Structure formats: C-alpha cells, structure tokens
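Not measured: the values here are computed from a predicted model. Every number for a ligand or one of its atoms is a count from 1 in the order of the listing.
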Amino acid sequence: MCWKYLAALVIAAPARALIRFSCSQLVIDRLDPLVNPGVAPSPHLHQIIGGNSFNQTMDPAKDMPGESTCTTCQFTEDLSNYWTAVLFFRARNGTYKRVPIVPNIGFEGAEGGMTVYYMQNGLADFQQDSKVTAFKPGFRMIIGDPLTDTIEGARKFHQVTYTCLEDLGTRFPETKDFPKKPCPAGIMANIRFPTCWDGKNLDSADHMAHMSYPASGTFDSRGPCPGSHPVPVPQLMYETIWDTSQFNEPEDWPEDGSQPFVWSFGDTKGYGTHGDYLFGWKDDALQRTMDTPCYVNCPTLATQTIADQNKCKIEPTVKEDIDSWLTALPGQETMRLGR
Ligand SMILES: *[C@@H]1O[C@H](CO)[C@@H](O)[C@H](O)[C@H]1NC(C)=O
Ligand SMILES: *[C@@H]1O[C@H](CO)[C@@H](O)[C@H](O)[C@H]1NC(C)=O
C-alpha cells in the first residue's frame, strides 16, 4: 500500500465522535414536562422518544430518566427524552388527520420516532476534533417557540428548518417555513440546538437562556462560544420524517394556494417548530462516547435491535382520539392557544 494512501487514512480518521442513531416512538401524548410540568393535558400534542420513565413531572431533582427500564433508542445507555410537536393535515372540509412518521434510510422497521445526532463539529466534518463537554444529569433545554409566527422570529433559532424530500436522501435546500408544494417523500423537520452552555445552570426560566449560539460565525464554521456561555457542548440534532405522501393530491390542497399542513399547536406556516430535550445518558456514557474516535457507527456503545427498541412503549396519560379525522386539533378548540 502506498504510504500516501496510508497517511490520508490517518489524517481522515476522526479525532472524536459523531453519533447518529434511531429512536422509535415512545408515546404520542398531550404532555410537556418542561413547559407545563405536572399538567395533563398540556395545551398541545407531542411525539416523544427515549426512556420509559417519561411522565408529566420529570422532576429535575430526581434524575428521573435514571428510573427508565427501557429506551426506544438504539443505544441502550441513552435514557434521555426528546420530543417535538405533531404534524396534522387539514382537509378542505376543515377536519384534521395526523401525519404518520417514518424512519430514515438505514433505520427501516423503526416505528415512528426520530433520528438523533450528537456532534462536536458540523455533520460533514469527518474529523470531529473539537472538544465538547457532555450534558450533566438534570440538564434540559428547548429550542424554537410555538408562539413565533414570523420569519424574523423563526430566524432567531438557527438551523431549525424543513427539507422537502424528493426522496429519503434529499438534504437540501432547507427552509424556515413549511414547503409550499407537495413533497413526494415527505417533509423532514430538522431541529438543531445551540452549542454553547453557561457551564452552571442545568435549566433556565425559558429553558433557553442557559444556552447560546457561538459569539461569531456558526457552529458549522467553528465559531467561538461567547464569554457568557463559554462551554462547548455537543450539537444535538433531531430529524423527523413526516410522511405527507398520502396527502399530496392537488385537489385535496387548499383552494387559496396555501399549503395544508399544520402543527399540533395550530401553526400553519411552520415558524413555531420547536424541540425539547431532557438529558438522561447513564453515568459518563455520553462523554465517553464523545471522546472516542468514531464517525456514525460507534462500537463503543451498547446497542439493541430496532425490533427491541420498538418494544419499549408507554400508554398515553391523556386518553383522547388523535387518529380519526378530527374537527379540532387536540387541546386547540380555537387556533393558536399557545403551548
Ligand atoms: C412521575 O414519575 C415519578 C418517578 O417515578 C413519580 O414520583 C411521579 O409521581 C410521577 N408523576 C405522575 C404525575 O405520575
Ligand atoms: C373531510 O375530508 C376528509 C378528506 O377528504 C374525509 O376523509 C372526511 O370523511 C371528511 N369529513 C367530513 C365530515 O366530511
């Protein structure tokens, strides 16, 4: 083997880890333990993945993810919970139908759920050589705001976007609002969290102020963290693929030319998309993983099969019909009641 080729291999080997994994759906429920702790039903519906100790309280003092006995995620040491709103189709007659979630390429067989990433540098960077500090027990955060209904408001949340899927491999372009035309393979909602932590607070009143974007540039351009939030943490990213394909007939779309999809909190533009995170990795599993060279396929982690992750499920706390053609979005008798 030519030494140049060997040298190239050595240079290309990652310094640290980027992990990408599948988590199946745990439950779809009207709970929101970060924004409305202890409230059931919460104002709008969410789809939730991760550890099965998830409930309406998730008391930060109790390390509740640690009480989970299973997780819907491929990596069994990850008992975190991750959640987003739920997408509906609004028919011309004004009724709503929940849009199914399908898995990414490579995760066939996963029932609903999301693809989750933890990265030290941008996704396309195979080296991943920035050093990050893993989140701590009790850590939680939110990105995005369901009350945002302008593009200016949506732009405050960097890299929170949609991809109109021509096929399951489509990744560009990304938009801040819902695609305006039918997407043959569905709509991918991309949620990326800020990557600079204040180093002190596990949470904050708005669940965002303890986190910040880089002081200049972006995460992908390796911008430095600001002095107020000096600690680089992994970039957490969710991809959810909403299978809108059964709703793509032009005669089913609104006659005024608008698009027919609406978030469970009544948002028809898409600017209010948001994601919630509640850290729950066992012991030092996330730090250990982040510090071990690997790109996507990481042997450092204990894994379960997709069939096994599908078996981890909980019953919804709030019993209500979410799957018929509904005359109103659950909890939203009038539009935009907020969270
Ligand atoms: C949520 O789970 C915790 C821990 O198991 C439990 O103490 C708490 O009572 C539960 N909350 C509700 C509302 O069931
Ligand atoms: C409303 O439209 C949907 C989609 O075409 C249809 O399946 C449903 O039966 C309609 N509901 C009523 C009450 O007409």
Side-chain angles (χ1 to χ4, degrees), residues 26-73 78-83 86-100 136-140 178 182-183 186-187 202-203 207 242-264 266 268 276-283 312-335 339:
L26 177 71
V27 68
I28 294 183
D29 205 349
R30 206 129 66 76
L31 296 185
D32 198 351
L34 294 197
V35 175
N36 305 109
V39 176
S42 67
H44 67 258
L45 205 58
H46 288 108
Q47 56 109 5
I48 300 129
I49 61 173
N52 70 339
S53 63
F54 180 85
N55 74 9
Q56 70 203 61
T57 52
M58 299 312 283
D59 183 347
K62 288 192 183 151
D63 184 24
M64 282 199 41
E67 297 183 7
S68 292
T69 54
C70 68
T71 172
T72 73
C73 295
D78 184 11
L79 306 174
S80 307
N81 288 117
Y82 311 82
W83 63 98
V86 172
L87 195 66
F88 284 85
F89 167 77
R90 187 173 190 269
R92 284 190 176 181
N93 64 18
T95 61
Y96 299 90
K97 184 78 177 161
R98 187 166 70 79
V99 178
K136 302 278 181 282
F139 182 89
R140 55 265 315 269
F178 285 132
C183 301
I187 298 173
L202 298 174
D203 197 1
H207 313 288
W242 300 95
D243 181 10
T244 52
S245 58
Q246 63 181 289
F247 307 106
N248 279 351
E249 293 302 326
E251 63 268 25
D252 294 336
W253 278 45
E255 282 157 308
D256 67 0
S258 62
Q259 68 81 44
F261 298 102
V262 51
W263 282 123
S264 48
T268 57
D276 295 52
Y277 175 57
L278 208 151
F279 170 85
W281 285 75
K282 277 187 189 160
D283 307 320
C312 185
K313 291 226 179 337
I314 58 176
E315 286 299 312
T317 299
V318 178
K319 310 288 182 209
E320 62 187 346
D321 179 11
I322 59 169
D323 284 327
S324 307
W325 288 92
L326 305 172
T327 53
L329 295 167
Q332 308 275 307
E333 283 71 25
T334 56
M335 295 286 269
R339 272 184 176 268

Which residue holds the protein heavy atom closest to [atom], what is that atom called, and what is the gap in Å?
{"atom": "atom 4 (C) of ligand 1", "answer": "Glu67 OE1, 3.0 Å"}
{"atom": "atom 6 (C) of ligand 1", "answer": "Asn55 ND2, 4.2 Å"}
{"atom": "atom 7 (O) of ligand 1", "answer": "Lys62 NZ, 3.9 Å"}

**Atom indices of ligand 1 within 4.0 angstrom of Gln56 heavy atoms, with elements** =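 Contacts of ligand 1 toward Gln56, numbered from 1: 13 (C).
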**Message:** Distance under 4.0 Å to a non-hydrogen atom of Thr57: what atoms of ligand 1 satisfy this?
**Reply:**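 In order of numbering, the contacting atoms are 1 (C), 10 (C), 11 (N).
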**Message:** Is there a side-chain contact between Leu45 and Ile28 in this structure, where contact means two heavy atoms from C-beta onward sitting under 4.5 Å apart?
**Reply:**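 Result yes, sub-4.5 Å side-chain heavy-atom pair found.
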**Prompt:** Is there a donor-acceptor pair closer than 3.5 Å between any side-chain N or O of Ser42 and the backbone N or O of Asn36?
**Reply:**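 Checking the backbone N and O of Asn36 against the side chain of Ser42, no donor-acceptor pair under 3.5 Å is found.
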**Asked** Is a donor on one side and an acceptor on the other found under 3.5 Å between the side chain of Asn55 and the backbone of Met58?
**Response**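 Yes.
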**Atom indices of ligand 2, in the order listed, that fall short of 4.0 Å to a heavy atom of Asn93** =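 Contacts of ligand 2 toward Asn93, numbered from 1: 1 (C), 2 (O), 3 (C), 8 (C), 10 (C), 11 (N), 12 (C), 14 (O).
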**Request:** Quick one: look at Met64 and ligand 1, take heavy-atom pairs under 4.0 Å, and tell me if it's side chain, backbone, both or neither.
**Result:**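 Side chain only.
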**Item:** Heavy atom of protein closer than 4.0 angstrom to atom 14 (O) of ligand 2
**Value:**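 Yes.
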**Request:** Applying ring-ring contact (aromatic ring centres under 6.0 Å, His included), run through Trp242 and Phe261 and close with a yes or a no.
**Result:** CA-CA 10 Å; Trp242 300 95; Phe261 298 102; 9.8 Å; no
**Asked** Do Trp263 and Phe178 have ring centroids that are under 6.0 Å from one another?
**Response**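 Yes; Trp263 has its ring centre under 6.0 Å from that of Phe178.
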**Phe89/Phe247 aromatic ring centres below 6.0 Å** =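 Yes - the distance between ring centres of Phe89 and Phe247 falls below the 6.0 Å cut-off.
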